[in-house]
Amino acid sequence: MHKKNCDNPSCKTPTMKVECMVNGEQVAGEVPLNTTLLTFLRDHLGLTGTKGACLEGECGSCTVLVDGTPVNSCLMLAAQANGRHVSTIEGVTGEDEPLNVIQEKFLETGAAQCGYCTPGLIMSAKALLENNPNMTREEMLTALEGNICRCTGYAAIVEAVEKARQELCS
């Protein structure tokens with residue numbers, strides 16, 4: 001059975017124009033009010049580096065930075081990003097730039113295996129290193145505990161973040 005289109009205005013999903021800075025670039029899009037930031041980034045802006053795995057805020061694969069703070073983009077509405085600054089994995093380095101030190105250390109230590117969780121982990125690590133470069137090991141572990149990885153066993157991830165911290169602070 002096919003669902004017929006409803007021409008009655010009360011049947012239509014309300015929309016909102018979302019305007020924000022994404023990776024330093026002003027973007028805008030008209031989206032239904034229930035559109036998540038993850039969907040806005042991936043489906044409306046074509047930024048597919050941010051991954052959606054659990055879609056309920058448990059795994060951290062969809063982590064992006066909103067005004068410098070890590071958030072699960074699967075739980076945040078696109079409308080909540082209106083007027084704010086959003087950073088995704090695509091914005092960690094420019095198109096023709098070398099890898100960021102965090103990305104380099106993830107590769108060097110084998111912290112990026114299947115790669116599904118990697119963008120979220122790198123964004124969490126980026127926020128951590130920018131906001132608390134003199135963190136303790138416990139602070140690092142606490143900051144990364146919202147990101148689940150099923151491949152690495154976390155030792156390589158912790159090593160990568162520690163090496164990036166050492167390089168950035170030297």
Side-chain angles (χ1 to χ4, degrees), residues 20-27 36-78 80-81 84-170:
C20 57
M21 294 290 285
V22 177
N23 300 327
E25 195 174 306
Q26 186 70 33
V27 299
T36 65
L37 180 56
L38 175 65
T39 300
F40 181 65
L41 294 169
R42 289 181 59 82
D43 297 352
H44 294 268
L45 301 180
L47 298 172
T48 57
T50 303
K51 307 297 183 214
C54 74
L55 303 178
E56 50 190 40
E58 295 293 326
C59 72
S61 68
C62 68
T63 302
V64 298
L65 306 183
V66 177
D67 296 332
T69 301
V71 299
N72 290 324
S73 62
C74 72
L75 296 180
M76 183 175 188
L77 294 175
Q80 291 174 289
R84 299 175 81 180
H85 293 265
V86 178
S87 299
T88 70
I89 192 68
E90 289 90 349
V92 171
T93 60
E95 198 170 301
D96 296 323
E97 294 176 18
L99 294 177
N100 172 287
V101 66
I102 302 166
Q103 293 170 307
E104 287 176 1
K105 298 308 175 191
F106 264 68
L107 290 173
E108 180 183 302
T109 62
Q113 289 190 15
C114 85
Y116 210 80
C117 67
T118 306
L121 277 160
I122 288 174
M123 297 311 292
S124 292
K126 182 178 186 315
L128 175 63
L129 293 170
E130 287 175 356
N131 296 322
N132 189 8
N134 297 313
M135 68 191 149
T136 65
R137 183 174 175 84
E138 282 305 310
E139 289 170 324
M140 175 180 33
L141 295 174
T142 299
L144 296 176
E145 70 185 6
N147 296 83
I148 295 174
C149 176
R150 294 191 171 135
C151 299
T152 66
Y154 298 100
I157 294 165
V158 172
E159 181 183 3
V161 176
E162 179 59 30
K163 285 184 172 201
R165 185 190 70 77
Q166 289 170 359
E167 189 169 317
L168 290 168
C169 290
S170 60

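Keep in mind the model is a prediction, meaning the values are calculated, not measured.
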For [X], enumerate each residue passing the side chain to side chain contact (heavy atoms under 4.5 Å, CB included) test, keeping only those at least two apart in sequence or located in another chain.
X    : value
I148 : C59, R150, Y154
T109 : A111, A156, E159, A160, K163
T69  : none

[atom1]/[X] to [atom2]/[Y] distance, rounded to the nearest 0.5 angstrom?
X    : Y    : atom1 : atom2 : result
R42  : C62  : CZ    : SG    : 10.5 Å
L41  : I89  : CG    : CD1   : 12.5 Å
T39  : L45  : OG1   : CG    : 11.0 Å
L38  : T63  : CG    : OG1   : 10.5 Å
L141 : L128 : CG    : CG    : 10.0 Å

CA sep, side-chain torsions, deciding dist, call: Q80, L37, side chain to side chain contact (heavy atoms under 4.5 Å, CB included): CA-CA 8 Å; Q80 291 174 289; L37 180 56; over 6 Å; no
Donor-acceptor pairs are to be reported for all side-chain atoms of residues 46-58 against protein atoms at under 3.5 Å, with residues two or more places apart or in another chain.
residue, atom, partner, partner atom, Å
K51, NZ, T48, O, 2.9

Under 3.5 Å, side-chain donor or acceptor atoms of residues 94-103 against the rest of the protein: list the pairs with distances, not counting sequence neighbours.
residue, atom, partner, partner atom, Å
E97, OE1, G94, N, 3.1
N100, OD1, I102, N, 2.6
Q103, OE1, N100, N, 2.8

Restricting to side chain to side chain donor-acceptor pair (under 3.5 Å), what partner residues turn up for [X], sequence neighbours left out?
X    : result
T118 : none
E104 : none
N131 : none
N132 : E139

How about [X] and [Y]: do any of their side-chain heavy atoms sit closer than 4.5 Å?
X    : Y    : answer
V71  : V64  : yes
S87  : M123 : yes
S73  : T36  : no
I157 : N147 : no
L168 : K105 : no

Please list, chain by chain and in numerical order, all residues satisfying salt bridge (Lys or Arg N to Asp or Glu O under 4.0 Å) with [X], sequence neighbours excluded.
X    : answer
R84  : D67
E130 : K126
R165 : E162

CD/Q26: more than 12 non-hydrogen atoms of other groups inside 6.0 Å: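 Count over threshold, so yes.
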Chi angles and distances behind the side chain to side chain donor-acceptor pair (under 3.5 Å) call for T136, E138: CA-CA 5 Å; T136 65; E138 282 305 310; over 6 Å; no
V158/R137 under side chain to side chain contact (heavy atoms under 4.5 Å, CB included): CA gap, chis, key distance, verdict: CA-CA 9 Å; V158 172; R137 183 174 175 84; 3.2 Å; yes
Shortest non-hydrogen contact between M21 and G24, atoms and distance: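 Shortest heavy-atom contact: CE-O, 3.2 Å.
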